[in-house]
Amino acid sequence: MDSFTVSSIAKVMNELFPIEASFVISDDKRYIYYQPSKQIDLKIRPGDKIKPESVTYKALTIQRKIAEQKDSRVFGVPYFGISVPILDDGAPKGCVTAILPRKPALAMPYLTIRTADRWIPVPFENVIYLEAQNRKTFVKSSYAEGYHKYNLTELEFSLPDDIFLRCHRSYIINIHYIAEIHPDSHSTFLLMMKDGSRVPVSQTYASHFRKLLGF
């Protein structure tokens, strides 16, 4: 993985994840970049071998994104890890892992959104899609739209995975609101939602998307 790729990934990670997250980039054997946060520091050093018990190792092994809580036996402190492997022709070439002090959680099955002059609780089943916008999340529902204070990644692992599906770096959709799936260029798709919205499925998520929806 060249220095341009690493720096580009690091920049994207800073945009996607909250300031309390540390993150690490690896190739298929060793950690090559690490940015700790004030809230959690696993003391990883570039050049260290990937620990077999870590979230990074598991994501590389099973070749798909995972999110798991790990106890202190791996790095000396407990952490919640979100790892996404980087694949090239089906072979793992590296991995990007976000490290949080704990799993993000929502206390109730609602997303409370801020509109221009009020807050509106929206039940999960009424949410059509969520979109990342400037470290916040735009929420489009069947009867209201507005912004949630958590970013998209924080929300992703708090939402029920039998309803919601990440389909793009910037989008999570409610599968019950998909009206049609259209092929797009470069093995991607365009989703026509029941309210008329259009949501892209990126190449990164296309294979997993097809597998889950069975087509």
Side-chain angles (χ1 to χ4, degrees), residues 9-24 35 37-40 55-56 59 64-70 78-85 95-116 118-178 189 191 193-195 197-202 204-206 208-209 212-213:
I9 293 173
K11 184 177 179 180
V12 170
M13 294 291 283
N14 280 321
E15 291 294 323
L16 285 177
F17 288 93
I19 58 173
E20 64 265 23
S22 301
F23 61 86
V24 61
Q35 180 175 301
S37 72
K38 293 181 179 179
Q39 284 74 20
I40 185 164
V55 177
T56 299
R64 64 177 176 84
K65 179 179 68 175
I66 66 166
E68 285 189 356
Q69 182 70 42
K70 291 292 184 179
Y79 73 99
F80 181 74
I82 305 166
S83 286
V84 181
C95 194
V96 179
T97 301
I99 301 154
L100 297 161
R102 66 194 64 82
K103 180 179 180 178
L106 296 171
M108 299 292 288
Y110 294 84
L111 291 178
T112 300
I113 61 175
R114 175 69 186 266
T115 64
R118 70 197 69 183
W119 288 268
I120 302 174
V122 179
F124 288 161
E125 61 267 25
N126 293 114
V127 174
I128 299 171
Y129 69 85
L130 303 93
E131 180 183 1
Q133 292 185 10
N134 299 321
R135 288 191 174 272
K136 293 184 180 181
T137 300
F138 172 75
V139 179
K140 179 68 178 294
S141 79
S142 57
Y143 60 87
E145 60 184 55
Y147 289 87
H148 195 280
K149 65 178 182 179
Y150 289 171
N151 68 34
L152 197 66
T153 301
E154 290 176 300
L155 287 175
E156 180 179 6
F157 298 100
S158 299
L159 297 171
D161 55 14
D162 60 336
I163 298 177
F164 294 97
L165 179 61
R166 186 85 174 246
C167 64
H168 189 280
R169 188 178 79 180
S170 299
Y171 290 93
I172 294 174
I173 53 98
N174 184 332
I175 59 175
H176 298 300
Y177 279 94
I178 300 173
F189 305 100
L191 305 179
M193 308 304 284
K194 291 181 179 178
D195 72 323
S197 301
R198 299 185 176 193
V199 178
V201 178
S202 69
T204 301
Y205 294 91
H208 185 57
F209 182 85
L212 288 179
L213 270 69

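Residues: numbered from 1 along the sequence shown.
- Counting heavy atoms from C-beta on, the side chains of H176 and I163 come closer than 4.5 Å.
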In sequence, state the C-alpha distance, the side-chain angles, and the governing distance for K70 and V55, and then conclude on side-chain contact (heavy atoms from CB on, under 4.5 Å).
-> CA-CA 8 Å; K70 291 292 184 179; V55 177; 3.7 Å; yes
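- Scored by the side-chain hydrogen bond (donor to acceptor under 3.5 Å, both in side chains) test, Y171 finds E131 as partners (sequence neighbours excluded).
- Within the model, atoms CG of L165 and CG of L213 stand 6.5 Å from one another, a figure rounded to the nearest 0.5 Å.
- Shown here are the salt bridge (charged side-chain N to carboxylate O under 4.0 Å, His left out) partners of E156, two or more places apart in sequence or in another chain: K65, R166.
- A donor-acceptor pair under 3.5 Å is formed between the side chain of Q69 and the backbone N or O of Y79.
- S197 is linked by a side-chain contact (heavy atoms from CB on, under 4.5 Å) to Y129, K140, M193, D195, counting only residues two or more places apart in sequence or in another chain.
- Once rounded to the nearest 0.5 Å, the distance linking CG of L155 with NZ of K136 reads 13.0 Å.
- Closest non-hydrogen pair, Q39 versus P101, comes out as CB-CG, 3.9 Å.
- Partners of E145 according to the salt bridge (charged side-chain N to carboxylate O under 4.0 Å, His left out) rule, which considers only residues two or more places apart in sequence or in another chain, do not exist here.
- A search for ring-ring contact (aromatic ring centres under 6.0 Å, His included) contacts involving F138 returns Y147, not counting sequence neighbours.
- Note that CD1 of I173 is 5.5 Å distant from CZ of F209, once rounded to the nearest 0.5 Å.
- Distance check, rounded to the nearest 0.5 Å: CD1 of I66 to OG1 of T97 gives 8.0 Å.
- Heavy-atom minimum distance, L152 versus T137: N-OG1, 3.1 Å.
- Sorted by first and then second residue, the side-chain hydrogen bond (donor to acceptor under 3.5 Å, both in side chains) pairs involving residues 118-128 (not counting sequence neighbours) are N126-S142.
- For the pair S22 and S37, the tightest heavy-atom approach, listed with the atom from each and the gap, is OG-N, 2.9 Å.
- With rounding to the nearest 0.5 Å, the separation of OG1 in T112 from NE2 in H148 is 6.0 Å.
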